[in-house]
Every structure is written in structure tokens, then in C-alpha cells.
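Along the sequence shown, residues are numbered consecutively beginning with 1.
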Amino acid sequence: MPFQLRLRQLPFYCLLFLVTYLSTMPSVETPGVDLSDKVLHFLAYFGIAGTAYFGFPKASWRLAVFVILWGIAIELVQWQLPTRMFELLDILANSLGCLAGWQLMQLLRHLYQRVIA
């Protein structure tokens, strides 16, 4: 089956690209922003998982596993970059954000289907 990009998948691909890009660029301190690095990791992967869930409505939990593995891969790439740092807690924050986003989207879909039925 050839690759077909659907409009509902675009937010997933854009967010995945953006997070990957920002994760591999030299880190920049932003003045005035006092959010924990781990909170940002959690929110980024929460968003990726949520957009993946709605972008691929027939996808199974394997897509969530892919997103988790993607986060691990990015951390391994950061290990090789002189301007970035590998952190196990980042992997944990990424994974928890993905799982929370996936679970919330499943819950919302289930509630929506109960309301419609």
C-alpha cells in the first residue's frame, strides 16, 4: 500500500518534525520562561501522541510505541551531539507524555462514542 498523506495526519507530522528539529538544535535558554525541561518534554510528546491518535484513527497501540521509540532515538542522537545532553529522565518524561496523551485521546473517543450512541 503506497504512502498517502491525509489532512488529519498533517498536525502529527508537523509536530513530530518540529520536536525533532528543536531537540537536535543547540539548546537555547529563553529568558522569562521558567517551565521545567521535563514538563516541556511531557507536553511535547503528549501533543505528538494526541495528534497521532486522531491522525491515524485505525492505528493500534503500536503507533504509541513508535512515538516512545522516537523519543528514545532522539535522546540517543543528543548523546552524540556536543551541544546537547542525553538524560534518562527526558526519556521518562517523553514516554509518560506519550502514554498520557494516548490514554486521554482513547478516553475522549470512548466518551464521544457513548454520547453519540
Side-chain angles (χ1 to χ4, degrees):
M1 178 176 200
F3 175 77
Q4 294 180 350
L5 178 64
R6 293 193 162 70
L7 189 58
R8 69 176 177 258
Q9 297 168 346
L10 196 57
F12 166 71
Y13 288 118
C14 288
L15 196 51
L16 190 67
F17 173 79
L18 179 65
V19 169
T20 302
Y21 176 76
L22 292 174
S23 296
T24 55
M25 296 305 300
S27 69
V28 176
E29 295 297 323
T30 40
V33 177
D34 193 23
L35 279 176
S36 166
D37 175 56
K38 306 310 173 243
V39 172
L40 293 175
H41 280 265
F42 180 90
L43 293 174
Y45 281 83
F46 184 93
I48 291 171
T51 57
Y53 189 86
F54 282 112
F56 300 89
K58 295 182 181 178
S60 68
W61 55 269
R62 291 182 201 132
L63 184 56
V65 171
F66 167 79
V67 173
I68 291 171
L69 292 175
W70 189 270
I72 293 170
I74 288 176
E75 284 301 315
L76 292 174
V77 167
Q78 286 181 351
W79 189 19
Q80 303 302 315
L81 297 175
T83 59
R84 303 297 288 200
M85 286 180 45
F86 170 86
E87 289 187 53
L88 286 174
L89 288 178
D90 286 349
I91 292 174
L92 180 63
N94 296 347
S95 301
L96 290 176
C98 175
L99 293 173
W102 193 266
Q103 287 297 99
L104 180 63
M105 296 308 128
Q106 278 187 326
L107 176 66
L108 291 176
R109 176 176 275 169
H110 177 73
L111 291 174
Y112 176 75
Q113 288 172 346
R114 288 190 71 189
V115 168
I116 295 300

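- The nearest pair of heavy atoms linking Ala64 to Trp102 is CB-CD2, 3.7 Å.
- Residue Leu111 places its CG atom among more than 12 non-hydrogen atoms of other residues, nucleotides or ligands, all under 6.0 Å distant.
- Leu76 and Leu92 sit in two unconnected hydrophobic clusters of ILVMFWY residues. Membership requires side-chain heavy atoms under 4.5 Å apart, directly or through other members.
- Nearest heavy-atom pair across Glu87 and Lys38 is OE1-NZ, 2.9 Å.
- When the side chains of ILVMFWY residues are joined at heavy-atom separations under 4.5 Å, either directly or via intervening members, Leu99 and Trp70 end up in two distinct hydrophobic clusters.
- Residue Asp90 holds its CG atom at 9.0 Å from OH of Tyr45, rounded to the nearest 0.5 Å.
- Val77 and Trp79 are members of different hydrophobic clusters when ILVMFWY side chains are connected at heavy-atom separations under 4.5 Å.
- Residues Gln9 and Phe56 are in side-chain contact: their nearest non-hydrogen atoms beyond the backbone lie under 4.5 Å apart.
- The distance from the CZ atom of Arg109 to the CD atom of Gln113 is 6.5 Å, given to the nearest 0.5 Å.
- The heavy-atom pair separating Met85 from Gln78 by the smallest distance is O-OE1, 3.2 Å.
- Under the 30°/60° scheme for interplanar angles, the aromatic rings of Tyr21 and Phe17 are found to lie parallel.
- Rounding to the nearest 0.5 angstrom, the gap separating the CD atom in Glu75 from the CD1 atom in Ile91 is 5.5 Å.
- Neither Ile74 nor Phe86 shares a network with the other; the hydrophobic side chains, linked directly or stepwise wherever heavy atoms of I, L, V, M, F, W or Y lie under 4.5 Å apart, form separate groups for each.
- Here the straight-line distance linking atom SG of Cys98 with atom CG of Leu63 works out to 8.0 Å at 0.5 Å rounding.
- Closest of all the heavy-atom pairs between Leu104 and Phe46 is CD2-CZ, 3.4 Å.
- Formation of a donor-acceptor pair under 3.5 Å by the Arg84 side chain with backbone atoms of Thr24 is not found in this model.
- Pairing each heavy atom of Arg8 with each of Phe54, the nearest pair is CD-O, 3.6 Å.
- When side chains are defined from C-beta on, Phe12 counts as touching Val67, because their heavy atoms get closer than 4.5 Å.
- Under the 4.5 Å side-chain contact rule for hydrophobic residues, Met105 and Leu10 share a cluster.
- In plain terms, the two heavy atoms of Pro26 and Thr83 that are nearest each other are CA-OG1, 3.6 Å.
- The side-chain heavy atoms of Leu16 and Thr51, taken from C-beta on, include no pair separated by under 4.5 Å.
- Residues Asp37 and His41 meet the side-chain proximity criterion, which asks for heavy atoms closer than 4.5 Å.
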